[in-house]
Amino acid sequence: MEKKVIDRIEIRQGDITRLDSDAIVNAANNSLLGGGGVDGAIHKAAGPELLEECKTRGGCPTGEAAITMGYNLPAQYVIHTVGPVYKGKPEDSKQLSLCYLNSLQIAADHGISSIAFPAVSCGAYGYPIDEACKIAIDSTCDFLKNNQLIKKVIFVLFSEKACDVYKDYLATLTAS
Ligand code: AR6
């Protein structure tokens, strides 16, 4: 993978709601009306105005993305994407890849230069982290190859274990 692409990817352990990137991505559900996991944490930190704006959207299909303001979050925007519920079928990976590609496209359309992703689908939706990590990073690299506007993509992992999975995979791309 080209160095100028890899150099725009960063991997961190922590709480995505604390990130001051231009946008953070939410692992939402089709209703966009909030839930548990990272979705619950983002709504709690953003405040009730986020839910009010989400209510105007009428939901979001799996694999697609929608943008709102970030309200009380350090990030200016939240990009809500809906990952697949893992079933072990080929369409899972297509839908998960679309989550990353569509979120990055919306970011680019809004002139966003830094964006942070959680491990979409890897909690309640059951996607194995090692498979999801490859899809997340490969899809992001494919997008960044053809886009110069987005300067930084940060993958924020809650657990040290998940963080190591991402770091190890990125290292294999850096070496190749
Ligand atoms: N910062 C970063 N990562 C986090 C945080 C946080 N604050 N909190 C959790 N994670 P999940 P999904 C990690 O379940 O699998 C919701 O109810 C978590 O450890 O949040 O896409 C929605 O409303 C895991 O690795 O999202 C949907 O109904 C990852 O974020 C459903 O869950 C994603 O876990 C979506 O399920």
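One-based numbering, in listed order, for ligands and for the atoms of each. All values below were derived from every heavy atom in this structure, side-chain atoms included, with hydrogens, water molecules and symmetry-related copies excluded.
- Scanning all protein heavy atoms for the shortest distance to atom 32 (O) of ligand 1 gives Ala124 CB, 3.7 Å.
- Ion pairing of Glu52 with Lys55 is present here, as a side-chain N (NZ or NE/NH1/NH2) and a carboxylate O approach within less than 4.0 Å.
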Practice task
Give the intermediate values and the outcome of salt bridge (charged side-chain N to carboxylate O under 4.0 Å, His left out) for residues Asp138 and Lys134.
Solution key: CA-CA 6 Å; Asp138 289 351; Lys134 288 181 185 159; over 6 Å; no

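- The protein non-hydrogen atom at the shortest distance from atom 16 (C) of ligand 1 is Gly36 O, 3.4 Å.
- The residue among Ala27, Ala45, Gly37, Ala119 with a heavy atom at the shortest distance from atom 33 (C) of ligand 1 is Ala119.
- A salt bridge links Glu2 and Lys4; the closest N-O separation between the charged side-chain nitrogens and carboxylate oxygens is under 4.0 Å.
- Ranking protein heavy atoms by distance to atom 1 (N) of ligand 1, first place goes to Ile16 N, 2.9 Å.
- Here's the thing with Thr17: none of its N/O atoms is less than 3.5 angstrom from an N/O atom of ligand 1.
- In this comparison of Tyr125, Phe155, Phe158, the heavy atom closest to atom 35 (C) of ligand 1 sits on Tyr125.
- More than 12 heavy atoms of other residues, nucleotides or ligands sit less than 6.0 Å from atom CZ of Arg57.
- Gly123 N, 2.8 Å is the protein heavy atom nearest to atom 15 (O) of ligand 1.
- For ligand 1, the atoms closer than 4.0 angstrom to any heavy atom of Gly35 are 17 (O), 23 (O).
- Nearest protein heavy-atom neighbour of atom 21 (O) of ligand 1: Ser121 N, 2.8 Å.
- Defined by atom type and a distance below 3.5 Å, a donor-acceptor pair is missing between the side-chain atoms of Thr81 and Asn102.
- Using a 4.0 Å heavy-atom cutoff, Gly14 is listed among the residues neighbouring ligand 1.
- Note on Lys145 versus Asp142: salt bridge recorded, some NZ/NE/NH1/NH2 to OD/OE distance being below 4.0 Å.
- Test Leu170, Ile154, Val156 against Glu10 for side chain to side chain contact (heavy atoms under 4.5 Å, CB included) and you get one pass: Ile154.
- The closest heavy-atom contact to atom 8 (N) of ligand 1, among the options Leu33, Val120, Val38, Asp39, comes from Val38.
- Scanning all protein heavy atoms for the shortest distance to atom 7 (N) of ligand 1 gives Asp15 OD1, 2.8 Å.
- You'll find the ring centres of Phe155 and Tyr166 inside the 6.0 Å limit.
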